[in-house]
S.K.: 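Quick one: structure below, then a few questions.
As the structure lists them, so they are numbered: ligands from 1, and atoms in each ligand from 1.
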Amino acid sequence: VRIAIGILVFVLILGGVVALLRVLANPPPAKDEGMLEDVSAEELRYSCVVCGTEIRMLRKPKGDVKAPRHCGESMELRR
Ligand SMILES: [Zn+2]
C-alpha cells in the first residue's frame, strides 16, 4: 500500500511540474504595437466604483476591450 501511495504522490507531483512547464512554455501573447490603437484623442475615462479612482486610457487593443479593474471590481466608463 505504501508503494502505491508513493507512486500516486510521484504522479501528482509530476503532473504539477508538467502543468507548470506548460504555462511557462506558453506565455501570454506579447504586446504587438501594430494591434494597438491610440485612443488618447478620445476621452476614455474609467472610474472605480469602489474608491473613485479615475484613469484615462491612452492606448488599447483594437476592437472591444474589457474595462480595467480596480479594487477587485470592473471600472465604469465615464462619458
Ligand atoms: Zn478602487
S.K.: Counting only heavy atoms not in Leu12, do more than 12 sit closer than 6.0 Å to its CG atom?
M.R.: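 Yes - once you tally the heavy atoms of other residues, nucleotides and ligands closer than 6.0 Å, there are more than 12.
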S.K.: With sequence neighbours excluded, give me every salt bridge (charged side-chain N to carboxylate O under 4.0 Å, His left out) pair touching residues 46-55.
M.R.: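 Every salt bridge (charged side-chain N to carboxylate O under 4.0 Å, His left out) pair that includes a residue of residues 46-55, provided the two are not neighbours, is Arg45-Glu54, Glu54-Arg78.
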S.K.: Using a distance threshold of 2.8 Å, what protein N/O/S atoms lie below it relative to the Zn ion (ligand 1)?
M.R.: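 Only Cys48 SG, Cys51 SG, His70 ND1, Cys71 SG fall inside 2.8 Å of the Zn ion (ligand 1).
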S.K.: Counting only heavy atoms not in Lys66 (residues, nucleotides, ligands), do more than 12 fall under 6.0 Å from its NZ?
M.R.: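 At most 12 heavy atoms, drawn from other residues, nucleotides or ligands, come within 6.0 Å of this atom.
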S.K.: Salt bridge or not between Glu37 and Arg59? Use side-chain N to carboxylate O under 4.0 Å.
M.R.: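 Between Arg59 and Glu37 there is no salt bridge, as every charged N stays at least 4.0 Å from the carboxylate O atoms.
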S.K.: I need the minimum non-hydrogen distance between Arg56 and Glu43, along with the two atoms involved.
M.R.: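 Arg56 and Glu43 have their closest heavy atoms at CZ-OE2, 3.4 Å.
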S.K.: Taking all atoms of both residues into account, what is the closest heavy-atom pair of Ile55 and Pro68, and its distance?
M.R.: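 Nearest heavy atoms, Ile55 then Pro68: CD1-CG, 3.7 Å.
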